[in-house]
2 protein chains.
Amino acid sequence: MPETAPRPDRLSGTRYGSRPTMKDVAARAGVGLKTVSRVVNGEPGVTPDTERRVQEAIEALGFRRNDSARVLRKGRTASIGLVLEDLADPFYGPLSRAVEEVARAHGALLINGSSAEDPEREQELALALCARRVDGLVVIPAGDDHRYLEPEMRAGVATVFVDRPAGKIDADAVLSDSFGGARDGVAHLLAHGHRRIGFIGDMPRIHTAAERLRGYRAAMADAGIPVEESWMSLGVTDPERVRRAAEEMLAGPAPVTAIFAGNNRVTVTVVRVLAGRGRSVALVGFDDFELADLLDPGVTVVAQDAAALGRTAAERLFGQLDGTLLTPERIELPTRLITRGSGELPPS
Amino acid sequence: MPETAPRPDRLSGTRYGSRPTMKDVAARAGVGLKTVSRVVNGEPGVTPDTERRVQEAIEALGFRRNDSARVLRKGRTASIGLVLEDLADPFYGPLSRAVEEVARAHGALLINGSSAEDPEREQELALALCARRVDGLVVIPAGDDHRYLEPEMRAGVATVFVDRPAGKIDADAVLSDSFGGARDGVAHLLAHGHRRIGFIGDMPRIHTAAERLRGYRAAMADAGIPVEESWMSLGVTDPERVRRAAEEMLAGPAPVTAIFAGNNRVTVTVVRVLAGRGRSVALVGFDDFELADLLDPGVTVVAQDAAALGRTAAERLFGQLDGTLLTPERIELPTRLITRGSGELPPS
DNA sequence: TAGAGCCTGGACAACGTTGTCAGAGCGGGA
DNA sequence: TCCCGCTCTGACAACGTTGTCCAGGCTCTA
């Protein structure tokens, strides 16, 4: 007599809350354990009739393979970890999405977490992911010492750093050309007649911030303009301090006529400051952001391609896993100047 | 003779690429396997001296516990899954960040993936996460039939739906008050003298879209205004079609004087359309977005609190896991009208 | 009809960890 | 001196899967 739709919780000898295993399926289908495994994994060597019986048992019991056991046995988890700064930051949305797409194309899942810019938390998170035996790790560094990852990398965890290079170890890194981008952005302001140009950026201990500052200095030097200390504001990142910094630059006897903003959060804050003032001040920001074109004037930016960063990094990671990419490399992706108005304002 | 900093890849009987296990650590420290386990897990009953020896061995070998094996043994993974629509959508950034924070507070990791609004992909992803034996699942539904999750939920996977309710099963859901929010937003336009108000929203098969449409109709009905078909555009989501829809509403002999936009992507597109026109048209959008206050005029929105949605959902999920929350519930979070100018324009 | 070879199925070990339980060593009390 | 009880340690099984290997039954050929 064929069974008629048994209730899934009436599993043989299992209590509520536990799940059927291949053994249960095998018992129900009246076959051996390994046969079930073969069916589940689509391996050859199973008669259509047997396969059908097994499929029915799987269906009836609501069986789902336990991937933990599988991972334990096979050694590979088909998952990669992504450690970023803050999931809520719009810059990382497209980036993690791109990483996810590549992972998906390779049949891998994405596990991710935010370091909140805290090096300790970055380490904790990265090591937790390693304990899960992720196959690879994409890290947007918060700290500047990644030696803690050496044993992991030696053990075969593919590792790629994005946006900022790794600290004190030799590893793949995919970056935007911060130096070149900043230099071009500042040069753009210079080309429009500005001479007193301010720079507001993050702490120079952050690689990208340092590079952008270097780009700013290089552009000014190329134009033969000595930079005054009061034009630069470094390590300023929270809105209130950015606001004050901007206001100070714009006050005094010889105020700046243009500002170069080191990242998109700074840019947005500067936009707010400028919106509250009558006098027009030119602005170029590093990083594009949504709606930049709708503001009045549109905000001219040095855009980096977050999705390309993520895609490139993930592809290198799988390249490492394939064994095709072996020597660590630093890849710099170009930036693109998008003119929208704010960077083309003349000095006032 | 004490060993001096052995090279980590010289593991006893292990080849390059494999990792030391507790057995290796035990052998090196000259203790039993279980003692290592005790030290690693901070269990009591180990002499300080033994513990020190074990710690040294761990250090020397670069040992890291294999969580896959641990999970297999313990049954709990200390990780939760998040299935959302699109990681790159700014609305989901704060949401997933909030989920992550709660997970972190409970010592759990977050695994996530995007469904890209594809029901099949949602299912595939959710089931993959279940195969990994996540303890719980936060799902932003793309499909409208979630019966496939029943065996999982019965097996003890905590499940919470966010932003939209589950389809065809009884499950926890945390939603924004789409109906009330839309009604209030439209009422706001009515209060400013508008009578011909357009509505552009997503397909009504999406719960939130249907609710917002219902709110629009309710507000209009309350004001005693019969809604004309040409004022409504449903199932329109890609920018080009939104643009056309908006332009059609604004053309003709009796154009609308105000538009209610059903979600933030629509709102942004409508803003672009309106920016290109001389005549002023009032606009209220559902969902807040960054820089809405900087546009001219600022965009009046019905804001939902994405972070609160995520936080509430995750907390309910861990409540289920604690065993404190047992009966599925639908929670609606209030929305908030933020006036910034665009919704207060008079009819022209 | 007998033998060779193929196809299907199953028994068993192993992956690395943790829970159980029992044994070893030691100190103190009778 | 002997025994009890305590603390610390380790042997062993189990978690659910997959890889290896062998057995049995079948078909095909001589």
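Below, read A as the first sequence line, B as the second, and so on, with proteins coming before strands; counting in each chain starts at 1.
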K.L.:
Tell me the interatomic distance from B/Leu72, atom CG, to C/dG16, atom P, rounded to whole angstroms.
P.N.:
12 Å
K.L.:
Answer yes or no: does a side-chain N or O of A/Thr47 lie under 4.0 Å from OP1 or OP2 of C/dG9?
P.N.:
yes
K.L.:
Is it true that a side-chain atom of A/Ser79 and a backbone atom of A/Val134 form a donor plus acceptor pair closer than 3.5 Å?
P.N.:
no
K.L.:
Report yes if at least one side-chain N or O of B/Thr50 is closer than 4.0 Å to OP1 or OP2 of D/dT9; otherwise report no.
P.N.:
yes
K.L.:
For B/Glu85, is there an ion pair with B/Arg164 - N to carboxylate O distance below 4.0 angstrom?
P.N.:
yes
K.L.:
Whole-Å distance between C/dC15 P and A/Arg132 CZ?
P.N.:
23 Å
K.L.:
Where along nucleotides 18-25 of chain D does protein come under 4.0 Å, by heavy atom, of base (B) or sugar-phosphate alone (S), with - for untouched nucleotides?
P.N.:
BBB-----
K.L.:
If I compare all heavy atoms of A/Ser96 with all of A/Leu110, which pair ends up nearest, and what's the gap?
P.N.:
O-CD2, 4.0 Å
K.L.:
Using a distance-only test with no angle check, is there a side-chain donor-acceptor pair under 3.5 angstrom linking A/Glu122 and A/His146?
P.N.:
yes
K.L.:
Output the rounded distance in Å from NZ (A/Lys23) to C1' (C/dA11).
P.N.:
13 Å
K.L.:
Roughly how many Å is it from CZ in A/Arg133 to P in D/dT17, rounded to a whole number?
P.N.:
21 Å
K.L.:
Hey, which sits more toward the 5' end of DNA chain D by its nearest nucleotide, B/Gly45 or A/Thr21?
P.N.:
B/Gly45
K.L.:
Using a 4.0 Å heavy-atom cut-off across all strands, classify B/Val46 as base, sugar-phosphate, or nothing.
P.N.:
sugar-phosphate
K.L.:
Would you say the side-chain atoms of A/Glu100 and B/Ser114 include a donor-acceptor pair closer than 3.5 Å?
P.N.:
yes
K.L.:
With no hydrogens and no angle check, do the side chains of A/Asn66 and B/Arg132 hold a donor and an acceptor under 3.5 Å apart?
P.N.:
no
